Amino acid sequence: MRGQGYRTQRRRSWWCLGLGALLLAGAAPAAEPERQALVIGNAAYTGEPVLVNTRNDSVDMARKLIGLGFRVTAHQDLGRRDLARALTDFVRQVRGSDGVALFYYSGHGLQVGGRNYLVPVDAQLHDALDVPNETIPVDTLLAGLGERGDSAVNLIVLDACRNNPYLRSDRKAIGDKGLARVEAPGGTLILYATRPGETASDNPAGRNGLFTQHLLTALDQPGVPVEETFKQVARGVQRDSKKAQTPWQEGLILGQFYFRPVVGGGGPVPPVQAGSDTPAATWTEPKTGMVFVPVPAGRFQMGCGGAWAGECQEIEKPARQVQVKGYWLATTEVTQAQWQAVMGSNPSNFKDCADCPVEQVSWNDAQAFIAKLDPGGQQGLRLPTEAEWEYACRSGGKEETYCGGKDLDRLAWYDKNSGDKTHPVGGKTANGLGLYDMSGNVSEWTCSALTLYDGAEQRCISNNDAKLAKLGLVLRGGSWNGSSEARAADRLNGDPEERWVNIGLRLARTLSP
């Protein structure tokens with residue numbers, strides 16, 4: 001099998017997960033109209049324990065927005081001077097643009113006299129008199145964005161309603177509980193982590209705060225207007241908090257905006273009809289939180305079919321027309337946390353990274369995972385066929401060298417940018433179907449046997465088909481320790497018992513299980 005182990009010689013590099021330069025360097029080319037975002041996470045407040053969820057929230061949100069086509073400026077732990085400068089620069093940056101402006105803040109916030117303030121990490125607050133000089137008023141940002149006019153699309157997300165840590169000597173908090181309700185300017189939609197005057201959960205048992213956890217998931221759904229996306233977040237948070245916390249919307253935008261438009265159009269996904277090959281919406285697997293997106297039926301030329309495919313191997317020829325039925329595919333590779341939740345163990349070499357893809361799993365291990373996650377096949381979970389995998393990789397069968405285009409560095413973790421290890425899923429730009437890491441990070445098992453193209457690429461091998469299993473199972477997508485294997489048409493051969501540090505999996509779901 002090609003690429004099955006560590007390469008003995010490869011360029012070593014280090015991609016630091018600190019935000020600033022990392023996120024700007026990895027930003028996707030801006031879509032039309034331009035999408036711009038400012039993400040701030042204030043977690044390390046003077047004299048306080050670090051807000052771990054807040055730090056994760058800002059990292060994950062910036063990464064998510066990059067994958068959605070935003071040009072992201074991201075900061076952590078800003079003092080008052082730098083926080084004021086970041087907001088001013090952002091307002092200037094978007095003032096003359098007719099695109100989308102999004103501001104996300106996670107950290108401490110408070111209200112005094114009905115006015116909301118963002119709290120810098122160096123704030124020295126002894127009583128309410130200090131607030132105007134030590135914090136930044138939210139209405140300064142609102143006024144700046146309001147200058148863009150009623151036809152603008154301004155989105156403000158404030159995960160800033162945690163318990164007020166600032167106490168006077170009599171142990172009463174400075175300011176009132178939570179944040180205050182404000183009047184949003186025209187063209188502006190504000191989403192609060194919870195209702196005005198209430199506080200939000202820190203969710204200490206999870207990687208993210210409860211609010212941002214649901215927001216990150218909701219942003220992946222194609223064809224959903226922003227207002228409905230925010231409502232889905234509210235419903236999910238309210239349910240999981242047992243109604244202790246309900247996110248809140250204020251304001252109005254006049255146009256339609258979708259974080260992830262449907263490929264080939266900007267509108268909603270149509271409802272599924274009887275006998276249709278097109279799923280109606282995204283689906284979330286309840287035990288793991290794994291998000292699946294619809295892959296519509298279509299016909300495409302599979303294999304090495306032209307100059308776009310790169311330098312092909314004989315096993316990739318001849319190219320052939322293949323019809324694919326509609327199905328679901330997970331937006332990311334199965335993570336270590338998801339595997340642990342189902343199997344109770346973590347076989348990965350690169351441990352201590354819950355959001356990194358699980359690796360060192362054989363094809364047989366993958367089948368055991370699916371059987372335990374979906375006993376009896378009631379949810380229709382399985383590995384994708386080889387044809388389904390390539391069709392989805394190429395954004396619905398487009399002529400794409402890699403899974404999403406030609407720019408491998410933007411799309412994938414591979415030997416020239418991975419630092420010789422896996423990385424959290426979703427950190428690179430998604431392809432046209434909203435799928436991450438189809439190229440790179442880890443090679444992915446399919447359910448098809450590796451033969452010359454003869455129809456086997458459209459079928460799943462049965463678990464007891466020993467003859468086909470001896471031919472090997474198809475692996476696709478390449479991994480962190482290679483580059484040529486990341487091509488959309490590349491095929492790798494794996495024995496069903498093989499376990500390597502660059503092999504993982506991604507799940508598919510039959511449309512009508």
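Predicted model only: the values in this text are computed from it and were never measured.
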Quiz item: Is the backbone N or O of Val100 less than 3.5 Å from a side-chain atom of Arg35, with the two atoms forming a donor-acceptor pair by type?
Solution: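 Pair absent, no side-chain N/O of Arg35 close to backbone of Val100.
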Self-check item: Under 3.5 Å donor-acceptor, Asp130 side chain and His126 backbone
Solution: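 Yes, Asp130 side chain to His126 backbone: donor-acceptor pair under 3.5 Å.
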Exercise. Taking all non-hydrogen atoms of both residues into account, name the closest pair between Arg410 and Gly404 and its distance.
Key: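 Scanning both residues, the minimum pair turns out to be NH2-O, 4.2 Å.
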Practice problem: Answer yes or no: is there a side-chain heavy-atom contact under 4.5 Å between Pro347 and Trp339? | Solution: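 Yes - at least one pair of side-chain heavy atoms lies under 4.5 Å apart.
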Quiz item: Taking C-beta and beyond as the side chain, do Glu485 and Leu475 meet within less than 4.5 Å on heavy atoms?
Solution: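 No, side chains not in contact.
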Self-check item: side-chain contact (heavy atoms from CB on, under 4.5 Å) partners of Ala430, counting only residues at least two apart
Solution: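 Here the qualifying residues are Arg260, Tyr436.
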Can you label the angle between the [X] ring and the [Y] ring as parallel, tilted or perpendicular, going by 30° and 60°?
X	Y	result
His108	Tyr45	tilted
Phe103	Tyr105	parallel
Trp283	Trp328	tilted

Quiz item: Is it true that Glu228 and Arg235 have a side-chain N and a carboxylate O under 4.0 angstrom from each other?
Solution: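 A salt bridge links Glu228 with Arg235.
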Quiz item: Is the closest basic N to carboxylate O distance between Asp60 and Arg63 below 4.0 Å?
Solution: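 Salt bridge: yes.
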Quiz item: Can the positive tip of Lys421 be found less than 6.0 Å from the middle of the six-membered ring of Trp480, inside 45° of the ring normal?
Solution: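 Output no; distance or angle outside limits.
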